[in-house]
Every structure is written in C-alpha cells, then in structure tokens.
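Heads up: the structure comes next, in structure tokens.
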There are 2 protein chains.
Amino acid sequence: MAEPSSRRERARADTLREIKQTARRVLVDRGVDGLALRAVAREMGMTAPALYRYFDSREELVESVVVDLYGELCDQLEAVRDDVEPATPGLQLMEVARAFRTWATTHHAEFGLLFGSAGERVLPDDFRDDCARPAQEAAARFGGVFAALVARVYLEQGFPVPADDELDPALQEQLTTWCAKLPVPLPLGVMSVFLSCWIRLYGMVCMEVFGHLRFALDDAGPMFEAELHSLAEILGVADAYRPPSS
Amino acid sequence: MAEPSSRRERARADTLREIKQTARRVLVDRGVDGLALRAVAREMGMTAPALYRYFDSREELVESVVVDLYGELCDQLEAVRDDVEPATPGLQLMEVARAFRTWATTHHAEFGLLFGSAGERVLPDDFRDDCARPAQEAAARFGGVFAALVARVYLEQGFPVPADDELDPALQEQLTTWCAKLPVPLPLGVMSVFLSCWIRLYGMVCMEVFGHLRFALDDAGPMFEAELHSLAEILGVADAYRPPSS
DNA sequence: GACTGGAAGTGAACGGTGTTAGCTAACGGC
DNA sequence: GCCGTTAGCTAACACCGTTCACTTCCAGTC
C-alpha cells in the first residue's frame with residue numbers, strides 16, 4: 001500500500017508486527033486467557049502501557065490476532081486447495097476440509113479464539129452497526145473458501161438441491177439477500193445445501209476440539225472421515241472421496 | 001441421600017446452594033468472564049476467601065455451576081419430551097431439539113459455558129484420568145436424552161443405517177466399546193447415525209449462538225427448521241415433522 | 001546547528017482479579 | 001464447661017487492564 005514510509009513508520013510497523021507475533025506465541029503456550037497484555041509486553045521486554053501506543057485496548061490486540069490467524073488459516077487452506085492433483089473441486093473440497101480439521105486439532109488455542117465462545121463479548125449496541133468489523137470480514141473470507149468450492153462443484157457437475165419454493169419463505173428471503181452478494185448467481189438451494197454441509201463440518205470439528213465427542217469417541221478421526229464421505233455423497237462427488245493421504 | 005443431617009450440615013448445604021444460585025445470576029448478567037469469585041461473594045454479602053470453605057478454586061465453583069446447568073437443561077428437555085402428545089419418539093425428538101435451541105438462544109452465557117470453548121482449560125495430565133469428572137457425567141446424561149430418543153425411533157420403526165462392515169474398522173471399534181455401555185444392544189450403524197445427527201444439531205445451534213452464521217443469515221430460525229426437517233427424514237420420521245408450534 | 005513538536009517508552013497508581021495465611025468467634029459433642 | 005472444628009473475617013501477594021504524568025529521543029524547520 002503506502003510503501004514510501006519514513007524510518008519512523010518502518011520502526012512502528014516492525015514493532016506492531018512483533019507485538020502480534022509475540023501475542024500469538026503467548027496465546028499458544030499460555031492459552032486464551034493467559035493472553036494478557038502484560039505478558040505480551042514482558043515477553044518482548046516492554047511495559048504494558050507502551051502497547052497502548054499500538055492498540056486501544058487488549059480487546060483490539062486480540063481482534064488483530066484473530067484477523068491474522070484467519071489470514072494464515074486461509075492462506076494455508078488455499079495452498080492445500082491449489083496443490084490438489086487433479087484440481088477438481090470435489091477433491092479440493094475433501095482436502096481443504098481435512099486441512100481445516102488438522103489445523104483445528106493442532107492449534108487448539110487458536111481455534112478456540114476463532115471459533116469458540118471466547119472473544120465473543122457481545123455488546124449488542126456496538127455489534128449491530130459494527131457487522132463489518134475486520135474480524136467478521138476475515139471470517140467471511142474463510143467461509144468463502146468453502147463456499148467457492150461448493151459453488152464450483154455445483155457449476156461443473158451439479159448435485160441435487162431443493163427447488164426455491166420447497167424452502168421456507170423466510171429462508172428463501174434470507175438466502176436471496178445473501179446470494180445477491182455473490183459474484184455468480186446461484187440457485188437458493190445451492191446455498192442451503194452449502195450451509196448444511198458447513199454446519200456439519202463446523203459441528204464435527206468444533207465438537208472434537210472442545211472435547212464434546214469424548215463421551216462417545218476417544219479418536220474422532222474415523223468419524224470425521226465418515227462425515228466427510230457423507231458430505232461427498234450429498235455433493236455428488238463420492239467418487240472423489242479417497243482415504244486420507246497420510 | 002444423607003437426610004439425617006445436623007443443623008450445621010443443613011446450614012452448610014443452604015449456603016452452598018445460595019453460592020451456586022448467586023453464581024448463576026452473576027453469570028447471566030455479567031457474562032462468562034464476569035463470573036468472578038469476588039463478584040459472587042460481594043453479591044451475597046460475603047468475602048471471597050469465605051468461598052474457599054466451599055470450593056477449592058474458582059474453577060471448581062464454575063464446574064459445579066456447569067453441572068447444575070446441565071441438570072436443569074436436562075430436566076427441562078425431559079419435561080418437554082414427556083408433554084408431547086402423542087408420545088411418539090419422532091415427535092418427541094423434534095420438540096426436544098427445538099427446546100434445546102430455544103434454551104440455547106435464550107441462555108447465551110450459560111450455553112457458552114456448557115458448549116463453547118470457555119471452561120475448557122485442558123491440563124492434559126489431569127484430564128486423561130479425570131474423564132469421569134462430574135461435568136463429563138452431566139454432559140453424558142444430556143447426550144443420553146437425545147440418544148435414547150433416537151434409539152427408540154430405531155427400535156419402534158427403524159431407519160436406514162449402514163451395516164457394521166460398511167463402517168471404517170477403527171470407527172467400528174470405538175462404537176463397539178461405546179455401545180457396550182448402553183442398556184440396550186443396538187447395531188453400530190444406529191450410533192453412527194445418531195452421532196451424525198447430534199453433530200448437525202450441535203453445529204447448527206452452536207453456530208447460531210456464537211454468531212458464526214451471521215455472515216449468511218440474520219435469523220437462524222428457518223435454517224434450523226430446515227435442518228430439523230432433514231434430520232427427521234434421515235430418521236424416517238418426516239411425517240412427524242410439524243411446523244413449530246409457537 | 002539550535003529549537004521544537006510529536007511519538008515511544010517509562011514508572012506509579014487505581015481498581016479489579018484468584019488465592020493463601022492467620023486470626024476470631026461461634027457452634028456441637030463430650 | 002471445655003475444646004476441637006468450622007465459617008467467616010482481614011491482610012497480603014501476585015497478577016491483570018488501564019490511565020496519567022513524565023522523560024527521552026528523533027525528524028523536520030528556522
């Protein structure tokens with residue numbers, strides 16, 4: 001963006017980067033609520049009030065970490081997607097879903113921050129207007145990776161979707177306004193199927209990471225694969241399902 | 001249990017009840033991380049250290065609140081279940097699922113505590129052995145309400161399930177050890193279908209409450225109903241699906 | 001080159017937190 | 001009536017987020 005930065009501006013940018021990087025490290029090895037301003041400052045040889053030159057509050061620092069994490073996660077998923085051979089959307093979807101689970105299970109604290117109830121301090125007044133805040137934007141990009149793949153599966157080979165008038169009118173309306181934001185026009189039914197799939201994937205990973213499946217399973221891997229297979233069938237790409245590569 | 005309690009024991013039990021009750025009130029109107037020992041103590045005219053006569057740590061108090069909440073939620077769901085007329089498991093399942101969503105959306109803080117990432121302080125060493133801690137037990141009862149209904153649907157009228165040998169061997173094994181704990185022997189496939197349904201229900205409610213559906217829907221109600229309908233079809237009780245009563 | 005304005009960083013402080021230690025006062029069983 | 005147990009208190013420690021006043025140092029200007 002603004003490349004012709006002065007010495008001072010470069011130093012500031014560096015510090016900002018270091019803060020976020022340190023915050024991530026603290027998050028990882030001290031947990032979500034060990035992510036304290038003072039801890040971050042201490043870790044990098046500063047004092048806590050100094051951080052207020054860079055963030056208005058702890059909340060804001062955390063949010064910026066969230067944004068960064070979404071970014072990294074998306075980069076990683078897109079890289080996985082682009083490495084799949086052959087590059088059919090069905091295969092890509094399977095691998096991206098697996099990569100998401102792998103990231104979630106190997107980044108417990110980060111996953112909790114992005115997808116759990118933590119960091120969901122809902123001040124309703126601030127929230128209604130603030131729907132376009134950066135974290136929501138980053139989350140939208142993330143959802144878009146999956147949505148785009150499902151859309152491509154539909155466009156390239158199709159799968160059964162409910163007709164518009166089979167959907168509840170209220171749902172029709174909401175899906176319509178959502179579809180209007182998409183670059184490519186799609187039947188409402190495609191979005192309802194996508195949402196349903198996304199809910200299953202999210203639910204599965206969330207339950208595993210938060211330990212809500214331990215009452216039944218001690219290793220959620222096989223169940224995840226079963227769900228994945230089932231999703232492949234729903235999307236008409238069952239033939240693209242292959243046992244996990246590793 | 002132990003009814004012949006002395007005066008002192010009764011007083012103690014009363015205080016304990018009051019603490020948990022107050023903690024719940026604080027949780028509701030101050031949020032998950034406003035649930036502070038000192039706040040609870042203040043609210044009931046005590047000092048924080050006094051609470052240590054009743055709980056070893058804040059963690060333990062929170063866990064006991066979690067257990068209570070699971071208890072209340074289960075009571076409520078069971079009451080809903082037993083009020084359904086006619087008392088067919090299909091209809092009951094639909095209404096219990098709706099009641100669960102209603103509870104979740106009207107008890108944001110409590111839901112976050114029970115089903116989110118909060119309160120998931122995972123000290124792996126403590127955890128492995130401690131799988132039978134009370135919170136896990138309470139969660140199991142909760143899952144049991146749904147599992148029992150699905151089992152009854154299967155036993156009374158059946159629904160399509162995968163054969164044992166269609167399941168991944170690792171999954172077979174885990175489901176086998178789980179099934180062994182059930183009072184009634186059931187095919188493994190039933191449990192895999194139950195888990196899949198439970199994941200969808202959990203995922204749907206979780207995403208709604210934590211705001212992860214706002215990127216697409218501003219009212220998750222219709223989508224919830226669509227999912228519910230889909231679950232009814234999977235369980236062969238689509239004829240039991242009725243539009244929401246209210 | 002001296003001057004000046006602004007930015008970065010500091011230490012002290014306020015009010016909050018969980019938790020521990022030591023004290024007091026009341027209660028229950030002998 | 002004594003005496004151990006118990007519930008509650010105060011004081012203290014170490015941590016937290018946040019604010020304020022202060023220094024220090026750098027960039028740009030006369």
Side-chain angles (χ1 to χ4, degrees), chain A residues 2 4-23 25-27 29-66 109 113 118-119 121 123 126, chain B residues 2-23 25-27 29-66 109 113 118-121 123 126:
Chain A
S5 53
S6 73
R7 222 180 94 84
R8 217 153 169 167
E9 279 169 332
R10 263 180 292 123
R12 184 180 173 83
D14 279 352
T15 312
L16 215 152
R17 225 189 327 274
E18 192 189 343
I19 293 173
K20 294 199 285 187
Q21 188 179 312
T22 310
R25 197 170 61 243
V26 172
L27 165 68
D29 50 45
R30 299 258 230 281
V32 178
D33 44 24
L35 179 43
L37 267 186
R38 289 183 127 110
V40 174
R42 202 184 310 126
E43 194 90 3
M44 54 191 286
M46 287 177 64
T47 57
L51 297 184
Y52 281 80
R53 301 282 172 191
Y54 300 88
F55 298 96
D56 283 346
S57 65
R58 183 198 114 111
E59 186 78 6
E60 206 179 278
L61 197 174
V62 171
E63 179 163 326
S64 113
V65 171
V66 166
L113 195 55
R121 311 290 152 254
L123 304 191
D126 293 12
Chain B
E3 196 47 39
S5 53
S6 73
R7 223 180 95 83
R8 217 161 176 163
E9 279 169 332
R10 262 179 293 122
R12 185 179 173 82
D14 279 352
T15 313
L16 215 152
R17 224 188 328 274
E18 191 189 344
I19 293 173
K20 294 199 285 188
Q21 186 180 313
T22 311
R25 197 170 60 241
V26 173
L27 165 67
D29 50 45
R30 299 261 229 280
V32 178
D33 44 22
L35 179 43
L37 267 186
R38 288 183 127 110
V40 174
R42 203 183 311 126
E43 194 90 5
M44 54 190 287
M46 286 178 66
T47 58
L51 297 184
Y52 281 79
R53 301 284 174 193
Y54 300 88
F55 297 95
D56 282 348
S57 65
R58 182 197 114 111
E59 187 77 7
E60 206 179 278
L61 197 173
V62 171
E63 179 164 325
S64 112
V65 170
V66 166
L113 196 55
E120 296 288 326
R121 309 290 152 256
L123 303 191
D126 294 11

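Each chain gets a letter, A, B and so on, in the order its sequence line appears, and its residues count up from 1. Values below: all heavy atoms of this structure, side chains included; hydrogens, waters and symmetry mates excluded.
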(request) Between protein and nucleotides 15-20 of chain C, map the contacts as a letter string: B base, S sugar-phosphate only, - none, heavy atoms under 4.0 Å, written 5' to 3'. (result) --BBBB
Test side-chain contact (heavy atoms from CB on, under 4.5 Å) applied to [X] - qualifying residues, sequence neighbours left out:
X	value
A/Ala36	A/Ala39
A/Ala23	A/Leu35, A/Val40, A/Leu61, A/Val65
B/Glu60	B/Phe55, B/Asp56, B/Ser57
A/Ala50	A/Met46, A/Thr47

Rounded to whole angstrom units, what separation is found between the [atom1] atom of [X] and the [atom2] atom of [N]?
X	N	atom1	atom2	value
B/Arg10	D/dT6	CZ	P	17 Å
A/Arg12	D/dC25	CZ	C1'	16 Å
A/Met46	C/dA8	CE	P	10 Å
A/Leu16	C/dG9	CG	P	11 Å

(message) Can you see if the side chain of A/Thr47 gets near the phosphate of C/dT10 - specifically, an N or O under 4.0 Å from OP1 or OP2?
(response) yes
(message) So, OP1 or OP2 of C/dG9: does either fall under 4.0 Å of a side-chain N or O from A/Tyr54?
(response) yes
(request) Quick one: list whatever passes salt bridge (charged side-chain N to carboxylate O under 4.0 Å, His left out) with A/Arg53, sequence neighbours left out. (result) none
(request) Using the test salt bridge (charged side-chain N to carboxylate O under 4.0 Å, His left out), find all partners of B/Arg25 that sit at least two apart in sequence or belong to another chain. (result) B/Glu43
(request) State the CG-OG1 distance between A/Leu27 and A/Thr22, to the nearest 0.5 angstrom. (result) 12.0 Å
(message) Taking side-chain hydrogen bond (donor to acceptor under 3.5 Å, both in side chains) as the cut-off, I'd like each qualifying pair that reaches into residues 10-19 of chain A, sequence neighbours left out, listed once.
(response) A/Asp14-A/Arg17
Polar atom pairs (N or O), protein with nucleotides 23-30 of chain C, under 3.5 Å:
{"from": "C/dC27", "atom 1": "O2", "to": "B/Arg8", "atom 2": "NH1", "distance (Å)": "3.2"}
{"from": "C/dG28", "atom 1": "OP1", "to": "B/Arg7", "atom 2": "NE", "distance (Å)": "3.1"}
{"from": "C/dG28", "atom 1": "O4'", "to": "B/Arg8", "atom 2": "NH1", "distance (Å)": "3.3"}

